[in-house]
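To find a chain, count down the sequence lines: A is the first, B the second, and so on, and within it residues start at 1. Small disclaimer: the values here were computed from a predicted structure and weren't measured.
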There are 2 protein chains.
Amino acid sequence: MPAPDLYRARMKAASRARTNSPAPFPQAAGSNCSAHNCHSCDVRSLSLCDALADSELSRLDRITRRHRTPAGATLIREGDPMTFACNITSGTVRLSRLLHDGRRQVMGFLFPGDFIGLTRRNRFVFSAEAITDTDCCNFALEDLETLSKDNPRLQRKLYEMACSELDAAQEQMLLLGRKSALERVASFLLEVRQRQLQQGDDEDCIILPMTRGDIADYLGLTLETVSRSFSRLRQEQVIEICETYRVDLLDCPRLQDLSGNS
Amino acid sequence: MPAPDLYRARMKAASRARTNSPAPFPQAAGSNCSAHNCHSCDVRSLSLCDALADSELSRLDRITRRHRTPAGATLIREGDPMTFACNITSGTVRLSRLLHDGRRQVMGFLFPGDFIGLTRRNRFVFSAEAITDTDCCNFALEDLETLSKDNPRLQRKLYEMACSELDAAQEQMLLLGRKSALERVASFLLEVRQRQLQQGDDEDCIILPMTRGDIADYLGLTLETVSRSFSRLRQEQVIEICETYRVDLLDCPRLQDLSGNS
DNA sequence: ATATTCTTCTGATCCAGATCAATGCGTCCA
DNA sequence: TGGACGCATTGATCTGGATCAGAAGAATAT
């Protein structure tokens, strides 16, 4: 995504929030927004669907509902009944949870290939909001269960995804429990870099579609502290802030040191 | 466990740490410490093994190695290769991770029925230490994989356990990222209560086998702050500290309010 | 153009919780 | 029996990051 678009997307998102327009999701069955099918899917190798052989894909195709969610709109509201799971195929999504008085914890940012639905709760405890325009495939939970029941590879893949998420969550617990502000921000930049390498963007230039406030709520800080940490990393020549939402990692080894991961 | 024993166990643990005696784990095959088998297992219904029918238990029995770990000894060291998984059958275990400069994050406390091994890493990134004398069953990872390969219920159970862990980890991320000290301590007490209800101890009197320092490292606080929070809850008649490691929850609704979970 | 909105950045001040320090209690061991 | 040790509690002080308060940039709306 070209850089100026990102800013525009953010603005659109903000304006949508202002006018409080209804979230376009979930939509009625059949209202597919992007010409797309499982066989030609860009992110199949990154996602759940990687567990299915070509021959099984048509069965998946039949239970899939595809949706486009514009930037700023809500995919899932905290408290919604957990009736479907969801696979992000393009865009960036923010998962967040609120405390009664408005304090917010961002549980994670989702990129193409990421999956929502690894939980045993019967309601979503977080909301999912599109940071940029987002495409996703969702499956009724019962369909997915039927499918996984006679597909051990799919069941196994779900297990592996849950374990990976768990590894990441434990990393985040260490960060939130014991790291300083600068360590958190350094860790975050390296995490985003790692994610973008997986996506095939192999530059040391990372794109941050989320705001400083989003980052702060992910790292258990305030946006001012995040901003100051960015500035300090810039002053120390560890990063260059090309644009607000685009950062060059000039010195990754140093960033690694600063991240606290020995 | 009667209360005074707990104090003694802690002392033993401390003395073991002092004299730096070697961890008695992993032991050679066959060195079973407790007379115990899968069919008569107390915690089967709480654990992984619940997924297996009676008829399949003997197969599990054959790949199981049982160990007793005395209080204060180490079950797993950070960095050990992940060659086995482990099921706690009695006792309490602390999982913790260290930052290079000694800062510690306790990732969780394990009770009977809890499982270690839901990860995709090939090395343990945390250490596991027995807080009280602990019995566990462990399985070579490859045995477990063989078993789960032709046992969909076991595979499914592993998936569900990973999802439960993930739900808990997200709860903890909210706590570590956004809750105040008092909210953290209140949440912790309620969490322990919940765990002890599962174990069948249905009193509003909870046992805390871990030290204030352990609790602090679990909650991202210092032990002084934890101690002060306990004192404040006592002053406000929300809890009664019967003994250091035994707490009565006098007013659970109030504790719930104070925990920040609306 | 100009006003407006959203966001970031930076400086000044404040405070919750960390750190430092002292006391007491229970257990172990010589 | 006394001293050492581990742990918990409480008080005094300090500080990293929160909060409060502008200023300025970037884009949209008019």
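- A:L174 places a side-chain heavy atom less than 4.5 Å from the side chain of B:L99.
- Here the P atom of nucleotide C:dT7 and the CG atom of A:L208 are 15 Å apart, to the nearest Å.
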Decide yes or no on salt bridge (charged side-chain N to carboxylate O under 4.0 Å, His left out) for A:E129 and A:R77, but give the supporting numbers first. CA-CA 8 Å; A:E129 289 134 331; A:R77 260 177 248 283; over 6 Å; no
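- Put simply, CG on B:L219 is 15 Å from C1' on C:dA18, counting in whole angstrom units.
- Comparing the axis of the opening five pairs of the helix from C:dA1-D:dT30 to C:dA30-D:dT1 with that of the closing five pairs yields an angle of 30°, rounded to 10°.
- Between A:E243 atom CD and C:dT7 atom P there is a gap of 17 Å when expressed in whole angstrom units.
- With rounding to whole Å, A:I131 atom CD1 is found 16 Å from C:dC6 atom C1'.
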Could you list all N or O pairs between the protein and nucleotides 12-14 of chain D that sit under 3.5 Å apart?
| unit_1 | atom_1 | unit_2 | atom_2 | d |
| --- | --- | --- | --- | --- |
| D:dA12 | N6 | B:R228 | NH2 | 3.3 |

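- B:L110 has its side chain within reach of B:I116: a pair of non-hydrogen atoms, C-beta onward, lies under 4.5 Å apart.
- Classification of B:R232 and B:E183 as a salt-bridged pair fails, no side-chain N sitting under 4.0 Å from a carboxylate O.
- The stretch residues 96-111 of chain A does not touch DNA chain C, since none of its heavy atoms comes less than 4.0 Å from the strand.
- Residue A:T225 places none of its side-chain N or O atoms closer than 4.0 Å to OP1 or OP2 of D:dG17.
- A:Y218 pairs with exactly one of A:E191, A:R104, A:R184 by the side chain to side chain contact (heavy atoms under 4.5 Å, CB included) rule, that one being A:E191.
- Residues B:L190 and B:Q194 form no side-chain contact, since every pair of their non-hydrogen atoms from C-beta on lies 4.5 Å or further apart.
- Nearest to the side-chain atoms of A:T222 among the listed nucleotides D:dA27, D:dT19, D:dA8 stands D:dT19.
- Using a 4.0 Å cut-off between charged nitrogen and carboxylate oxygen, B:D217 and B:R97 do not count as a salt-bridge pair.
- Under the 4.5 Å side-chain criterion, counting only non-hydrogen atoms from C-beta, B:P253 is in contact with B:D251.
- Classification of B:R195 and B:D201 as a salt-bridged pair fails, no side-chain N sitting under 4.0 Å from a carboxylate O.
- If you take CG of B:D217 and C1' of D:dC7, they are 14 Å apart, rounded to a whole angstrom.
- Judged by the 6.0 Å and 45° rule, A:R212 forms a cation-pi pair with A:F230.
- For the residue pair B:D135 and B:T89, no side-chain donor N or O sits within less than 3.5 Å of a side-chain acceptor on the partner.
- For B:R212, counting side-chain heavy atoms from C-beta on, the closest listed nucleotide (D:dT9, D:dG17, C:dT7) is D:dT9.
- Atom-to-atom distance recorded for B:R193:CZ and B:D204:CG is 4.0 Å, nearest 0.5 angstrom.
- Between A:E236 and A:R254 there is a side-chain heavy-atom pair separated by less than 4.5 Å.
- Here the straight-line distance linking atom CZ of A:R94 with atom CD1 of A:I215 works out to 11.5 Å at 0.5 Å rounding.
- To the nearest angstrom, C1' of D:dA8 lies 11 Å from CD1 of B:I215.
- Between the CD1 atom of B:I241 and the C1' atom of C:dC25 there is a distance of 15 Å, rounded to whole Å.
- Residue contacts shown for B:L223 include a base, since a base heavy atom lies under 4.0 Å away.
- Residues of residues 230-237 of chain A that place a heavy atom closer than 4.0 Å to DNA chain C, in numerical order, are A:S231, A:R234.
- Listed by residue number, the members of residues 177-185 of chain B with any heavy atom below 4.0 angstrom from DNA chain C are B:S180, B:A181.
- Counting distance only, with no hydrogens placed and no angle test, the side-chain atoms of A:E224 and the base atoms of C:dC9 include no donor-acceptor pair under 3.5 Å.
- The interatomic distance linking A:R246 (CZ) with C:dT8 (P) rounds to 16 Å, in whole Å.
- Here B:R123 does not pair with B:D80 in a salt bridge; the nearest charged N to carboxylate O distance is not below 4.0 Å.
- Interatomic distance, CD1 of A:I239 versus CG of A:D248, reported as 9.5 Å (0.5 Å rounding).
- Under the salt bridge (charged side-chain N to carboxylate O under 4.0 Å, His left out) criterion, A:R234 pairs with no residue, sequence neighbours left out.
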